[in-house]
Amino acid sequence: MKFHVLTLFPEMVNNGLHTSITGRAMEKELISLNTVNIRDFAGNKHGKVDDYPYGGGAGMVMQAEPIYQAHKMLENQAGHPLRTVYLTPQGKTFNQDMAKELAKEEELVFLCGHYEGVDERVLEEIVTDHVSIGDYVLTGGELPAMVMIDTISRLVEGVLNNENSAEFESFHDSLLEYPQYSRPEIWREKAVPPVLLSGHHANVEKWRREQSVLRTARWRPDLLEKADLTKKEKEMLKGEDKNV
Ligand code: 6GU
């Protein structure tokens, strides 16, 4: 998977993603990251890429042409149009289903805005997807692009060492993860749930499933609508106090 990021702060994106699992995935060439500094396409020696908004108002607007030229370079290199995500609080909210869908692409472009926004006309020309990462306002699109790239990368074959780990975890089945424990068996007088020490695999699986269902009911009841619960599990939840 090839990720391209159009940004005024390439070092921010590079520093963040060259670390940890995404960093290793790049070393293994399972993913690649190409940051493009929009300022390099300013077309003037001052590197100016923003101007005052027509109609007045606070702040500056990123101008259309540098972004258009930077994007055109990427499409020329690819030899075909590229799926292009604009990071904006006005976009569709990112989630795991969207990540799965984007992970099918071979190449993705992320456009990070700054200041008060981007000239609408270049968005009309190049953007295929408007995406937000949640209902709050950030200073720019870099962190959202990094969030999306991290999420999509771990769905790429080989990025996680365990073949199955991307499938069997939070949001798979629309249920939250069960709790995990490691050594020591007793920590500050708190014991590991005995079933996990029993060596009885079926009972362990049963307990984990039950914990997933209970946690989801307590902390993310909104997810339960999509979850595939058995009759027994639905019965169990009826008797639960969700405020625990
Ligand atoms: Cl994609 N951009 C900005 N600036 N703020 C956000 C966001 C994106 N998603 C949530 N808040």
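Just follow the structure's listing: the first ligand is 1, and inside any ligand the first atom is 1. FYI, the numbering just counts along the sequence from 1.
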So, the side chain of T19 versus the backbone of N15: is there a donor-acceptor pair under 3.5 Å, distance only? yes
Go through the structure and list residues passing ring pair (Phe, Tyr, Trp, His ring centres under 6.0 Å) with F9, not counting sequence neighbours. H114
Could you note down all residue pairs passing side chain to side chain donor-acceptor pair (under 3.5 Å) where residues 70-81 supplies at least one of them, sequence neighbours left out? H71-T84
Atom pairs, nitrogen or oxygen, ligand 1 to protein, under 3.5 angstrom:
{"residue": "ligand 1", "atom": "4 (N)", "partner": "L138", "partner atom": "O", "Å": "3.2"}
{"residue": "ligand 1", "atom": "5 (N)", "partner": "L138", "partner atom": "N", "Å": "3.0"}
{"residue": "ligand 1", "atom": "9 (N)", "partner": "S132", "partner atom": "OG", "Å": "3.3"}
{"residue": "ligand 1", "atom": "9 (N)", "partner": "I133", "partner atom": "N", "Å": "3.0"}
{"residue": "ligand 1", "atom": "11 (N)", "partner": "Y136", "partner atom": "O", "Å": "2.5"}

Which hydrophobic side chains are connected to V61, either touching it within the sub-4.5 Å cutoff or through other members that do? none
Look at the side-chain heavy atoms of Ile, Leu, Val, Met, Phe, Trp and Tyr, link any pair under 4.5 Å apart, and say whether L138 and M60 land in one connected group. yes
Gap separating the CG atom of L17 from the OG1 atom of T22, nearest 0.5 angstrom: 5.0 Å
